Q: 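Got a structure here, written out as structure tokens. Questions coming.
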Amino acid sequence: MPPSDHPFQVWIATDDTQTVVALAPLKLSGTSLRREWGNVTDLRAVPVAPAGTNVAGLVVLAALVFLGTLGLCLWRAPLLVIFFLIALTVGVGLIVVLSKPSPARVVAPEIAKFPQIHRSIASIESRHAFFGLVELAERAGRALPALSDVVDPVEAGQSLAEALWVGADVLSRREQLRPPEPRSQPQPISTTGRAADALSAQREVARGRWAQVSSELGRLQTALELAAVAGENAEHDQDAMAAGQEAYRELAELYGGAEPTDDRR
């Protein structure tokens, strides 16, 4: 079923290496925190505590070894058998007591079949920017009831989910671009004029692409912030109603050209 045939739903899954945003269900391989609000399902991996000394486990292990040794001695077992069983028990026990659980990892069951409805964000800077968008969208969602006279809550909730999908798409595209070099930075001198012109043209294209994605991200962030602030102020400021309506109109326009192609259509 294509996304347009059912309410727009976004899944977000985050581990310690990446954040994946998808229009299909995501999972985490280990312990996770699950939050659902509006049309968004947000999964966050629970941080794994640093490995340390498990005092209680070591005490239990020592007691088991002592009782086992005492039992074997009472049964007059051969010393070689006693030493072997003690060594085996201590070895297995230490592995269990001191082992560190594996960190949770994002699991995307449909990414191989439908990569176009998945976006991955890996860099710390981009993930921080995306979490900022999530926070703004969640604020706007909590304030939606105050704008119910001017915006449809169901459509507005869908717009917030769509906005996060757009944000993930923009940030994943930005990660594929290199930040433009400052224009004031001295450039290496080329031996041929044609090579210098080609290099200059490539830099201008890179600057243009970077400026485009930065503009899209800024526009999206502004619309989400306006929607959140307008909803929060709507109860005591009538002008906030119009501002909220404009913010959701802006979000709808942003999503207009960002819908992914889906092979299931």
Side-chain angles (χ1 to χ4, degrees), residues 2-14 19-26 32-45 117-119 121 124-174 211-260:
S4 59
D5 291 348
H6 57 78
F8 196 99
Q9 189 75 23
V10 168
W11 280 264
I12 303 169
T14 301
T19 294
V20 177
V21 184
L23 307 183
L26 298 172
S32 64
L33 298 176
R34 182 186 182 97
R35 298 175 59 253
E36 296 185 26
W37 52 274
N39 296 58
V40 177
T41 300
D42 190 354
L43 303 173
R44 304 284 178 98
I117 60 172
H118 294 76
R119 298 292 183 268
I121 307 170
I124 295 177
E125 179 186 1
S126 295
R127 294 171 75 183
H128 180 74
F130 182 73
F131 293 150
L133 296 179
V134 172
E135 182 179 351
L136 287 174
E138 194 169 0
R139 277 180 56 195
R142 288 196 299 265
L144 262 178
L147 298 173
S148 58
D149 290 343
V150 294
V151 296
D152 183 289
V154 175
E155 293 182 358
Q158 179 168 305
S159 293
L160 294 176
E162 293 168 350
L164 293 181
W165 170 252
V166 172
D169 179 69
V170 171
L171 287 167
S172 65
R173 283 190 283 124
R174 192 178 72 168
Q212 180 182 359
V213 296
S214 298
S215 175
E216 291 178 42
L217 186 61
R219 183 182 172 191
L220 178 60
Q221 184 175 3
T222 299
L224 283 173
E225 188 170 5
L226 181 59
V229 173
E232 292 166 350
N233 295 337
E235 293 184 1
H236 50 81
D237 185 357
Q238 289 301 315
D239 292 338
M241 291 286 189
Q245 191 174 26
E246 178 61 28
Y248 283 100
R249 185 181 298 114
E250 177 79 0
L251 290 175
E253 291 177 1
L254 279 168
Y255 181 69
E259 186 170 359

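Note that the structure is a prediction, hence the values are computed from the model and not measured.
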Q: Could you tell me which non-hydrogen atom of Ala227 sits nearest to which non-hydrogen atom of Ala247, and how far apart they are?
A: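 Ala227 and Ala247 have their closest heavy atoms at N-CB, 3.6 Å.
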
Q: Got a second to check how far Leu171's CG is from Glu216's CD, nearest 0.5 Å?
A: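 The distance works out to 10.5 Å.
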
Q: Passes side chain to side chain contact (heavy atoms under 4.5 Å, CB included), Met241 versus Glu246? Steps please.
A: CA-CA 9 Å; Met241 291 286 189; Glu246 178 61 28; over 6 Å; no

Q: With sequence neighbours left out, write down each residue that passes side-chain contact (heavy atoms from CB on, under 4.5 Å) with Leu144, or none if nothing qualifies.
A: Val151, Ala156, Leu160, Tyr248

Q: Would Arg119 count as a cation-pi partner of Phe130, with NZ or CZ less than 6.0 Å from the six-membered ring centre and within 45° of the ring normal?
A: no

Q: Under the 3.5 angstrom rule, does the side chain of Asn233 hit a backbone N or O of Ala240 as a donor-acceptor pair?
A: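 Flag not set: sc Asn233 to bb Ala240 has no pair under 3.5 Å.
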
Q: Could you check Ser32 against Arg44 for side chain to side chain contact (heavy atoms under 4.5 Å, CB included), going step by step and ending with a plain yes or no?
A: CA-CA 5 Å; Ser32 64; Arg44 304 284 178 98; over 6 Å; no

Q: Using only atom types and a distance under 3.5 Å, with no angle test, would you say the side chain of Ser215 pairs donor to acceptor with the backbone of Ala211?
A: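 Checked: no pair found.
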
Q: Going by the side-chain contact (heavy atoms from CB on, under 4.5 Å) test, name the single residue among Leu220, Leu133, Leu217 that passes it with Val170.
A: Leu217

Q: Spell out, as yes or no, whether a donor-acceptor pair under 3.5 Å connects the side chain of Glu36 to the backbone of Thr41.
A: no

Q: Sorted by first residue and then second, give each side chain to side chain donor-acceptor pair (under 3.5 Å) pair with at least one member in residues 129-142; sequence neighbours left out.
A: Arg35-Glu138, Arg139-Glu232

Q: Let me confirm one number: the CG-CG distance from Leu33 to Asp42, rounded to the nearest 0.5 Å.
A: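 So the gap between those two atoms works out to 9.5 Å.
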
Q: Would you mind telling me which of Leu23, Leu26, Val21 makes a side-chain contact (heavy atoms from CB on, under 4.5 Å) with His118?
A: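 Of all the options given, the one that passes is Leu26.
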
